[in-house]
Amino acid sequence: MTSKQEILSKLSEAVLKFEEEDARSSAIEALENDIDAVEAILDGFVVGMKKAGELFKRQEYFVPEILLCADAMEEGMKILRPHISHNKITRSKGKVILGTVEGDIHCIGKNLVKLMLDTNGFEVYDLGEDVPVSRFVEEQKRIGADIVALSTLMTTTMMAVQHSIPILRENAPGLAIMVGGAPFTDEIAKKFGADGYASDAIAAVTEAERIMAAKSS
């Protein structure tokens with residue numbers, strides 16, 4: 001009989017090696033062996049995604065590999081999701097509203113940030129691409145997010161970020177704002193008045209955790 005740890009390792013490896021069929025079959029095996037769906041996700045799939053994130057950080061994995069890992073995880077999640085007992089899910093690290101600013105339709109970097117924040121315990125509300133500041137304000141009022149993360153890939157839409165930050169702060173004093181995307185540097189982020197800057201999806205998790213720790217201190 002396969003042990004629990006062996007099954008959890010299979011779940012992790014399926015994601016890490018982007019094996020969609022293995023992710024599905026290992027998820028079924030986990031349920032057949034009475035492994036709780038949330039445990040299978042957190043101690044199996046999420047572990048695999050974190051390992052993939054470390055490989056990405058070391059430039060051994062790149063964007064295509066991370067997306068393939070995410071696809072494999074999603075295939076397994078289709079099996080596990082209906083079996084999740086929501087009262088067993090631990091409290092999130094914080095609520096993050098995420099979106100690409102108005103005028104910019106790029107999404108791959110933003111989607112990676114969403115994936116990494118989500119798999120690291122944050123509650124993420126993705127507004128998509130080409131999002132006007134009014135929509136960020138509206139969702140912030142509805143959700144009461146801890147962080148709003150603004151993304152842009154183009155220098156031509158950087159000013160939309162600069163324009164959005166004071167409007168967001170005016171409507172939600174105490175809100176933390178993160179920025180990211182190719183045109184940004186830490187220096188520009190500070191100049192625009194952002195609370196945090198992330199150069200990639202892995203850095204976004206670290207920065208979000210730092211911001212939340214500062215909020216609670």
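Position 1 is the first residue of the sequence, and the numbers go up from there.
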Asp118 side chain to Lys114 main-chain N or O, any donor-acceptor pair under 3.5 Å? no
Between CG of Leu117 and CE of Met178, what distance do you get to the nearest 0.5 Å? 6.5 Å
Please tell me whether Val47 and Met116 are part of a single hydrophobic cluster in this structure, the criterion being side-chain heavy atoms less than 4.5 Å apart. no
Count the heavy atoms belonging to other residues, nucleotides or ligands that lie under 6.0 Å from CD1 of Ile143, then report whether that count exceeds 12. yes
If every non-hydrogen atom of Ala203 is compared with every non-hydrogen atom of Ala198, which pair is closest and at what distance? C-CB, 3.8 Å
Check the pair Asp195, Lys215 against salt bridge (Lys or Arg N to Asp or Glu O under 4.0 Å), reporting the backbone distance first and the verdict last. CA-CA 11 Å; Asp195 298 286; Lys215 277 177 168 282; over 6 Å; no
Give the minimum heavy-atom separation between Phe192 and Met159, together with the two atoms involved. CZ-CE, 3.6 Å
Return the orientation label for the Tyr61 and Phe18 ring planes: parallel under 30°, perpendicular over 60°, tilted otherwise. tilted
Using 4.0 Å as the upper bound for N to carboxylate O, is an ion pair formed by Lys93 and Glu123? no
Would you mind reporting whether Leu175 and Arg169 have side-chain heavy atoms less than 4.5 Å apart? no
Any side-chain heavy atom of Ile7 sitting closer than 4.5 Å to one from Ile35? yes
Sidechain-backbone polar pair: Tyr197 side chain, Phe184 backbone, donor-acceptor under 3.5 Å: yes
Note, Leu150 side chain near Ser164 side chain (heavy atom, < 4.5 Å): yes
Out of curiosity, does Leu115 fall in the hydrophobic cluster containing Leu127 (side-chain heavy atoms, cut-off under 4.5 Å, transitive links)? no
Which heavy atom of Phe45 sits nearest to which heavy atom of Ala23, and what is that distance? CZ-O, 3.8 Å
Using only atom types and a distance under 3.5 Å, with no angle test, would you say the side chain of Thr157 pairs donor to acceptor with the backbone of Met154? yes
Looking only at non-hydrogen atoms, find the nearest pair between Ala14 and Ala72 and report the distance. O-CB, 3.8 Å
In Å, rounded to the nearest 0.5 Å, how long is the span from CG of Leu112 to OG of Ser151? 10.5 Å
Between the side chain of Asp104 and the main-chain N/O of Leu153, is any donor-acceptor distance below 3.5 Å? yes
For the residue pair Val137 and Ile167, establish whether any side-chain heavy-atom pair is separated by less than 4.5 Å. yes
Please report the shortest heavy-atom distance between Val179 and Ala189, naming the atom on each side. CG2-CB, 3.5 Å
Gly53 and Ile66: which non-hydrogen atoms are nearest, and at how many Å? N-CD1, 4.4 Å
Under the salt bridge (Lys or Arg N to Asp or Glu O under 4.0 Å) rule, what do Lys110 and Asp126 come out as? Steps first, then yes or no, please. CA-CA 9 Å; Lys110 172 188 66 65; Asp126 184 5; 2.8 Å; yes
What I want to find out is whether Arg210 reaches Glu207 closely enough, with some N-O distance under 4.0 Å, to be called a salt bridge. yes
Is the closest side-chain heavy-atom distance between Glu102 and Glu129 below 4.5 Å? no
Determine, for Lys17 against Glu19, whether the closest basic-nitrogen to carboxylate-oxygen distance falls under 4.0 angstrom. no
What distance separates Thr152 OG1 from Gln162 CD, expressed to the nearest 0.5 Å? 12.5 Å
If you measure from CG on Asn111 to NE2 on His106, what distance do you get to the nearest 0.5 Å? 12.5 Å
Identify whether Tyr125 and Met212 are in the same connected component of the hydrophobic contact network (ILVMFWY, side-chain heavy atoms under 4.5 Å). no
State the CD1-CD1 distance between Ile211 and Ile147, to the nearest 0.5 angstrom. 4.5 Å
Determine, using the 4.5 Å side-chain heavy-atom cutoff (strictly less than), whether Val131 and Val161 are members of one ILVMFWY cluster. yes
Does a salt bridge link Glu139 with Arg142, judged by any charged N lying under 4.0 Å from a carboxylate O? yes
Evaluate Glu21 against Arg24 for salt bridge (Lys or Arg N to Asp or Glu O under 4.0 Å), listing each step before the verdict. CA-CA 5 Å; Glu21 183 54 45; Arg24 286 191 293 267; 2.6 Å; yes
Contact between Glu65 and Leu55 at the side-chain level, heavy atoms closer than 4.5 Å - yes or no? no
Tell me if the CD atom of Glu60 is crowded by more than 12 foreign heavy atoms within 6.0 Å. yes
Pair Lys78-Glu20, salt bridge (Lys or Arg N to Asp or Glu O under 4.0 Å): steps then yes or no: CA-CA 11 Å; Lys78 290 176 183 177; Glu20 294 184 10; over 6 Å; no
Validation row: Lys10, Asp22 side chains within 4.5 angstrom (heavy atoms): no
How many angstroms lie between atom CE of Met73 and atom CG of Leu11, to the nearest 0.5 angstrom? 10.5 Å
Within a strict 4.5 Å, meaning less than it, do heavy atoms of the Phe136 and Ile97 side chains meet? yes
Going by an N to O cut-off under 4.0 Å, is there a salt bridge joining Glu54 and Lys51? no
